[in-house]
Amino acid sequence: MTQSSPVTVEVEDGIAWITIDYPPVNATATAVRIGLDHALSQLQNARIAFLQCAGRTFVAGGDMSEFDAPPELPHLSDLVQTIEDSPTPIVALMHGNVLGGGFEIAMACAWRIAKAGTKFGLPEVNVGLVPGAGGSQRLPRLIGMEDAIDVACSGKILGADELLKLGGLDLVVEGDLKPAAIVFAENMPARPVAVSLRDVSEYEDTLVERKRRTIEGRAKGQLSPLRNLEALQWSALPFNEGQPLERALHLELRDTSESRALRYAFFAERAVAKPAAIASAKPRPISEVTIVGGGLMGAGIAVAMLNSNLSVTVIERDAEAAKAAYKRVRGLLEGALKRGKITAEAMDARLGALTTTDNYADAKSADLAIEAVFEDVAVKSEVFAKLASVVSEDAILATNTSYLDPRQIFDGITNPQRCLGLHFFSPAHIMKLLEIVKTPDTGSEVLASCFALGKRMRKVSVLSGICDGFIGNRMLSAYRREADNLLADGALPFEVDAAMRAYGMPMGPYELQDLTGLQIAWANRKRQVRDENERYIGIADQLCELGRLGQRTGQGWYMYQEGNRTPIRDESVEKLIVGYSASNGINRQKFTAEEISERLLAVLAREGADIVKEGIAERNADVDTVQINGYGFPRWRGGPMHYAETIG
Ligand code: NAI
């Protein structure tokens, strides 16, 4: 093999070491498959072979950039079979992530040895696929049907300890792998029956039906979870019949709009993390953060920061409010403890890194100060004037405003290149999206620092310019306006909600408004200056004037029974809507679910296109990433821009 092959073989004392070295994640790209094919033909002088990877992980999947073209030889499915059939038994020696093709390779090996902490999974379902190299056929034979369903259909990741318990590993090693491998080779046990020749252990008759119902409920229109369930069932056939069926389905699914959309979303998120605006900028370290305002958002932001091991100071209006803020943050951490998300020690460590105060002097050493006080320019400006007088000259200053213009908020602050918006979504410690809002003055180093911070908090950060509502809420307003147009033209709230659910949204626009409350949007509409020629539907305003502000007032677009969040159609609201159409001379018409979703999607795509055209977002991928991570847009549809591009 030439020097440059990503796969090498060395034989020492009858032990062959096959090493894949293909950064960053040793994906099964064509070059790796060619190298592996060659390596597998060089094991004659070895009595045992170890297959390992250089760098931070074992093979962590396929190379998705190859999936748009026809597959090239050698196919992974054939290599995996060669591994299983190899006269020299091959041992998978694993660390890091063993995912997709990596797990398929491991399952074909005679034995599986992993470093403690290694993770295993078949995430093909997340990109709209089923495995293509026997994964769905070997996994149930290896660990049983029930766990195989969880792994293949929901993308569940198994830790090394779990997989060992399920019988999927032969050894978990705490220290270095190589010495453990040599000891294993010296005491080589009898070669076990190949996984593909084993039978799936018996399981209850009702298992598959039960799982199917759960999967269907969660999939919200996405097909690949069910296709994985179907493929797993083929493990009841002899392997040489089931495996070609799986392979054919894998290739068929590569061409579906669902898989293309999911692959698009994956690459979009990667692109969005590196905006052109920060191309050559170096982030500076952030370790101390001050948050002014410890209300709903401030407390959530504090937890997001504490979870990333930052030290946090929350400043409130007075001592009483500071105490309340402490309780709020503590409450969120206790919730995480109760749900098993953090340990008691971790909670104590986080609380130890938290200070709540009413004294601005405590912000002195902050690298970053964020405000999350009332949505009022005067209040926010005053906060920044006070902050600027205590923090260092280059400490980053950020506003969490949803709709106000950051340029007004920061007016008069010295060093305006350090000012920007960090728009979190509620609940801030859970929601993935973070809009990083640049003003004309914001420095690229400051932006880069906030992108690095977003990554540290495991957020999906998207760069936005300034406009009313930034990228996400501006699109949400357009979406809601068009939904209201539909109401005036003949639809009813339950029909609009049902149509959008059918499209794949977790909720329709009206049930969502009832959940989050109608008052903020109402206040915004009152604040906005509208073009007289623009169509304006006043139905929501009428509801608000009636005190119907959503679930918190017991009624909104729907009515609610005491203690129950299920929306119930309300005749009086529907009468009000019909009356609105009549008094505005509108002839109400019937809409199908497709007509409703198409109209709403067209508006989202049009608004998104304007946002890109105006330079508010760098590209379509930014708009789609915002929709998927902040607004529940079904990932398997790729986002409104991708959807519009694919339907033309
Ligand atoms: P909130 O009313 O729950 O919290 C505001 C907190 O700020 C209160 O605890 C209040 O005591 C404190 N505060 C007010 N003036 C202060 C001052 N001068 N100094 C120190 N503390 C002060 O409001 P919420 O919902 O947390 O919103 C805060 C900001 O976040 C607003 O700008 C809002 O637009 C924005 N935002 C809200 C979202 C939401 O879903 N609620 C989502 C994204 C942004």
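Indexing begins at 1, ligand by ligand and atom by atom, following the structure's order.
For atom 35 (C) of ligand 1, the choice among V314, N400, I291, I315 with the nearest heavy atom turns out to be N400.
Taking every heavy atom of Y360 and a limit of under 4.0 angstrom, the matching atoms of ligand 1 come to 19 (N). Near V292, meaning under 4.0 Å from any of its heavy atoms, are these atoms of ligand 1: 19 (N), 20 (C). Ligand-side atoms of ligand 1 in range of G293: 7 (O), 12 (C), 21 (N), range being under 4.0 angstrom from any heavy atom.
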Can you give the donor-acceptor pairs under 3.5 Å from side chains of residues 367-374 to other protein atoms, not counting sequence neighbours?
residue	atom	partner	partner atom	Å
D367	OD2	S287	N	2.8
D367	OD2	S287	OG	3.3
D367	OD2	E288	N	2.8
E371	OE1	V373	N	2.9
E371	OE1	K380	NZ	2.9
E371	OE2	K380	NZ	3.1
E371	OE2	T399	OG1	2.4
E371	OE2	N400	N	3.4

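In terms of N/O distances under 3.5 Å, ligand 1 is not approached by G298. Close N/O approach between H423 and ligand 1 is not found [any backbone or side-chain N/O within under 3.5 Å]. Geometrically, ligand 1 and M297 share a nitrogen or oxygen pair separated by less than 3.5 Å. For ligand 1, the polar-atom distance check finds an N/O of S402 within less than 3.5 Å of one of the ligand's N/O atoms. The shortest N/O to N/O separation between V373 and ligand 1 falls below 3.5 Å. The shortest N or O to N or O distance between R317 and ligand 1 is under 3.5 Å.
Scanning the protein heavy atoms around atom 5 (C) of ligand 1, the nearest turns out to be A372 O, 3.6 Å. With respect to atom 40 (O) of ligand 1, the closest heavy atom belonging to the protein is S426 CB, 3.3 Å. With hydrogens left out, the protein atom closest to atom 9 (O) of ligand 1 is E316 OE2, 2.5 Å, a heavy atom. For atom 4 (O) of ligand 1, the nearest protein heavy atom (residue, atom name, distance) is G295 CA, 3.3 Å. Nearest protein heavy-atom neighbour of atom 18 (N) of ligand 1: V383 CG2, 3.8 Å. The protein heavy atom nearest to atom 41 (N) of ligand 1 is L296 CD2, 3.6 Å. Nearest to atom 34 (O) of ligand 1 among the protein's heavy atoms is E375 OE1, 2.7 Å. Of the protein's non-hydrogen atoms, F374 CE2, 3.5 Å is the one closest to atom 2 (O) of ligand 1.
Contact annotation: for F424 versus ligand 1, heavy atoms closer than 4.0 Å belong to the backbone alone. Within the 4.0 Å heavy-atom criterion, neither part of T516 lies near ligand 1.
Between M500 and the options E495, M505, E511, a side chain to side chain contact (heavy atoms under 4.5 Å, CB included) holds for only M505.
Note that atom 23 (O) of ligand 1 has no protein non-hydrogen atoms nearby, at separations under 4.0 angstrom.
Relative to the ring axis of Y503, R637 places its NZ or CZ within 45° and under 6.0 Å from the centre. A cation-pi arrangement is absent between R569 and Y558, since the terminal nitrogen or guanidinium carbon is not both under 6.0 Å from the aromatic centre and inside a 45° cone about the axis.
Between E594 and R599 no salt bridge is recorded (no basic side-chain N to carboxylate O distance below 4.0 Å). A salt bridge links D610 with K613: the closest approach of a Lys/Arg side-chain nitrogen to an acidic carboxylate oxygen falls below 4.0 angstrom.
Side chain of R350 to main chain of A346: a donor-acceptor pair is present (N/O by atom type, distance under 3.5 Å, no hydrogens or angles). In this structure, R548 contributes its side chain and G556 its backbone to a donor-acceptor pair below 3.5 Å.
For the residue pair S224/E258, the side-chain donor-acceptor check at 3.5 Å is satisfied.
Atoms CG and CZ, on L600 and R480 in that order, are 12.0 Å from each other to the nearest 0.5 Å. Between the OG1 atom in T442 and the CD1 atom in I278 there is a gap of 12.5 Å [rounded to 0.5 Å].
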Exercise for the section: Report the C-alpha distance between Y631 and F425 in whole Å, list the side-chain angles of each, state the deciding distance to 0.1 Å, and finish with yes or no for ring-ring contact (aromatic ring centres under 6.0 Å, His included). Expected result: CA-CA 10 Å; Y631 297 84; F425 290 73; 5.7 Å; yes
Practice task
Could you please spell out the steps behind the side-chain contact (heavy atoms from CB on, under 4.5 Å) verdict for I436 and L420?
Solution key: CA-CA 7 Å; I436 297 186; L420 82 171; 3.7 Å; yes
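Proximity of F425 to ligand 1 is not established, as no heavy-atom distance is less than 4.0 Å. Heavy-atom distances between K380 and ligand 1 reach below 4.0 Å in at least one pair.
Applying the salt bridge (charged side-chain N to carboxylate O under 4.0 Å, His left out) rule to pairs touching residues 316-328 yields nothing, sequence neighbours excluded.
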